[in-house]
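All residue numbers refer to positions in the sequence shown, counting from 1.
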Amino acid sequence: MSRRLAASVGAACLLAALTSCGRPDPLAGFAAPRALRLAPDGRLLVTDLGTGRGDGRVVAVDLAAGRQQVLLDRLPSTRRSGQQHADLAGPSGAAMAPDGTVCVVIGDSTRPRAGFSTLRCSDRLVADLEAYEQAANPDGRELASNPYDVAWDGDDGWYVSDAAANAVLHLDRAGGIRTVAVLASMAPFGGRPAQGVPTGLARAADGTVYVALFGGAPATGGPAVVVALRPHPDGGWTRPTAVARAVAPIGVTPGPQGLAVLDYGGGPADRGRGRILLVARPAGQGTVAATGLDRPVGMARLPDGRYVVAETDSSRLRLVTPR
């Protein structure tokens, strides 16, 4: 190799941040990635369902350094969940507090007392969401718990979306659980007349909690919605309001251009219909920022404006540049 060519290759290595010169791809190596979230330290938290052999995990990805660090591992996972359209079940979403505590929710509504339907944290907290459902039954329907996502509450606790319980819950550091909101139906928010099925969560800087209501399958008969839960000045919460609509929203994150909504795009058999929508004003139509996603289930916005999207069925994370 000539010196000139070597210098050119060296310059190319400096310019290519994530995949340069044979360096391992920091977004590779996940069996079944699920919900994604940026940690306070800037790393990407990836929740991996694993292969179904009790090998679920939470991994922190340092994109700048090109490194992965396993934060929680050997989490319950199974390929015999019995859930409709979801044979593989296990850790679904994770979040980190500024003090470094990491919590993950493990979902499977068909495996009671087997380590599923729980919140587990790196500070050894374990909260039984199945037991809370049995005792409280927030939506008054079938007794089932299947937590999907978790978000730090900005203080000393955690918000959890429970897809089977149709509720958003709050957990404190001692393991106390209370119901924040019951989202049993999307109809009151202008969505199709179906169960809410809360999935992706995001907490904004002003304390607003955004909840993607997936609406279940099949995704027909009208739109599904994203709702906002806003703190009331006198304590508690205002009534939930619709802030976005999509075919089947499953992830949400606030950003400088408004709300980014990850749309699954149809029924479980649909391929390539997933989208990212940008909604600049409440309940606005939104603009399409990305298309062609394969049944996406998780999304995080990077500081440079790009998105990382999880496609569980394809066992991959995709780096997406919006239009």
Next on the checklist: Run Ser77 and Leu49 through side-chain contact (heavy atoms from CB on, under 4.5 Å) and show every step you take.
Outcome noted: CA-CA 6 Å; Ser77 67; Leu49 286 167; 5.5 Å; no
Next on the checklist: I'd like to know whether Val209 forms a side-chain contact (heavy atoms from CB on, under 4.5 Å) with Val180, so could you lay out the CA-CA distance, the side-chain angles of the two residues, the decisive distance to 0.1 Å, and finally the verdict.
Outcome noted: CA-CA 10 Å; Val209 177; Val180 173; over 6 Å; no
Next on the checklist: Does Thr291 form a side chain to side chain donor-acceptor pair (under 3.5 Å) with Arg323? I'd like the steps, not just the answer.
Outcome noted: CA-CA 9 Å; Thr291 59; Arg323 294 177 179 176; 3.2 Å; yes
Next on the checklist: One pair to check against side-chain contact (heavy atoms from CB on, under 4.5 Å): Val297 and Thr199. What are the steps and the verdict?
Outcome noted: CA-CA 9 Å; Val297 295; Thr199 50; over 6 Å; no
Next on the checklist: Run Ser161 and Asp149 through side chain to side chain donor-acceptor pair (under 3.5 Å) and show every step you take.
Outcome noted: CA-CA 5 Å; Ser161 59; Asp149 203 3; 5.5 Å; no
Item to check | salt bridge (Lys or Arg N to Asp or Glu O under 4.0 Å) between Asp55 and Arg53, worked out | outcome: CA-CA 5 Å; Asp55 56 353; Arg53 299 183 179 91; 5.4 Å; no
Item to check | Leu71 vs Val104, side-chain contact (heavy atoms from CB on, under 4.5 Å): CA-CA, chis, key distance, verdict | outcome: CA-CA 10 Å; Leu71 303 179; Val104 60; over 6 Å; no
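Atom CG of Asp99 sits about 8.5 Å away from atom CH2 of Trp152, to the nearest 0.5 Å. In this structure, CD on Gln195 lies 4.5 Å from CG on Asn166, to the nearest 0.5 angstrom. Here the straight-line distance linking atom OG1 of Thr47 with atom CG of Leu75 works out to 9.0 Å at 0.5 Å rounding. Here CD of Glu130 is found 12.0 Å from CZ of Phe116. Values are rounded to the nearest 0.5 Å. A distance of 11.5 Å separates CZ in Arg203 from CZ in Arg37, rounded to the nearest 0.5 Å. Atom CG of residue Leu88 and atom OG1 of residue Thr51 lie 8.0 Å apart, to the nearest 0.5 angstrom.
A heavy-atom distance below 4.5 Å is not found between the side chains of Val243 and Val279. A heavy-atom distance below 4.5 Å is found between the side chains of Asp123 and Arg173. Residues Leu38 and Leu44 meet the side-chain proximity criterion, which asks for heavy atoms closer than 4.5 Å. For the pair Ser314/Arg271, a side-chain contact is recorded, criterion being any heavy-atom separation below 4.5 Å from C-beta on. Two residues are said to be in side-chain contact when any heavy atoms from C-beta on lie closer than 4.5 Å; Phe30 and Arg316 fail this criterion. Residues Leu293 and Leu262 form a side-chain contact, since some pair of their non-hydrogen atoms from C-beta on lies under 4.5 Å apart. Looking at heavy atoms from C-beta onward, Pro76 lies in side-chain contact with Arg120 at the 4.5 angstrom threshold. Val247 has its side chain within reach of Arg275: a pair of non-hydrogen atoms, C-beta onward, lies under 4.5 Å apart.
Closest approach of Val225 to Gly190, counting heavy atoms only: CG1-C, 4.4 Å. When all heavy atoms are compared, the tightest approach of Pro138 to Val182 is O-CG2, 3.5 Å. The shortest non-hydrogen separation linking Ala151 to Ala95 is CA-CB, 3.9 Å. Scanning all heavy atoms of the two residues, the minimum distance from Leu36 to Ala300 falls at CB-CB, 4.0 Å. Here the closest non-hydrogen pair linking Pro33 and Ala31 is CD-C, 4.0 Å. The two atoms that bring Ser145 and Ser117 nearest to each other are O-OG, 2.8 Å, heavy atoms only.
Not one N or O on the side chain of Asn146 forms a donor-acceptor pair closer than 3.5 Å with the backbone of Ala163. Remark: side-chain polar atoms of Ser122 are paired, donor with acceptor, to backbone N or O of Val102 under 3.5 angstrom. With hydrogens and angles ignored, the 3.5 Å screen pairs a side-chain donor or acceptor of Tyr132 with a backbone N or O of Thr179. Between the side chain of Arg57 and the backbone N or O of Asp73 there is no donor-acceptor pair closer than 3.5 Å. Asp263 places no side-chain N or O within donor-acceptor distance of the main-chain N or O of Gly274, the cut-off being under 3.5 Å. Under the 3.5 Å distance criterion, the side-chain polar atoms of Asp48 are left unmatched by any main-chain donor or acceptor of Gly56. Between the Gln68 side chain and the Pro26 main chain, a donor and an acceptor come within less than 3.5 Å of each other. Glu311 places a side-chain N or O within 3.5 Å of a backbone atom of Asp294 that can act as its donor or acceptor partner.
Within a 6.0 Å sphere centred on CZ of Arg239, other residues, nucleotides and ligands contribute 12 heavy atoms or fewer. Residue-environment remark: CD (Gln134) exceeds the threshold of 12 foreign heavy atoms within 6.0 Å. The number of heavy-atom neighbours closer than 6.0 Å to CZ of Arg74, taken from other residues, nucleotides and ligands shown, is 12 or below.
For the side chain to side chain contact (heavy atoms under 4.5 Å, CB included) test with Arg34, the passing option among Val46, Val105, Thr312 is Thr312; the others fail.
Of the charged side-chain nitrogens involved, none lies within less than 4.0 Å of a carboxylate oxygen, so that Arg43 and Asp62 do not count as a salt-bridged pair.
There is a path of hydrophobic side-chain contacts, each under 4.5 Å, that joins Val150 to Ile177. Hydrophobic cluster membership is shared by Val309 and Ile250, with clusters built from Ile, Leu, Val, Met, Phe, Trp and Tyr side chains linked at under 4.5 angstrom. Residue Leu72 is not grouped with residue Leu119 when hydrophobic side chains (ILVMFWY) are merged at heavy-atom distances under 4.5 angstrom, including chains of intermediate members. Cluster membership check: Val126 does not share its hydrophobic cluster with Tyr148, using side-chain heavy-atom separations under 4.5 Å among Ile, Leu, Val, Met, Phe, Trp and Tyr. Follow the hydrophobic side-chain contacts under 4.5 Å out from Leu183 and you never reach Leu143; the two are in separate clusters.
Side-chain contact of Thr241 with Arg230: a donor-acceptor pair under 3.5 Å is present, judged by distance alone.
Pairs of residues two or more places apart, or lying in two chains, never qualify as disulfide bond (SG atoms under 2.5 Å apart) while including a residue from residues 166-252.
Here Tyr159 pairs with His170, Trp237 under the ring-ring contact (aromatic ring centres under 6.0 Å, His included) rule; sequence neighbours left out.
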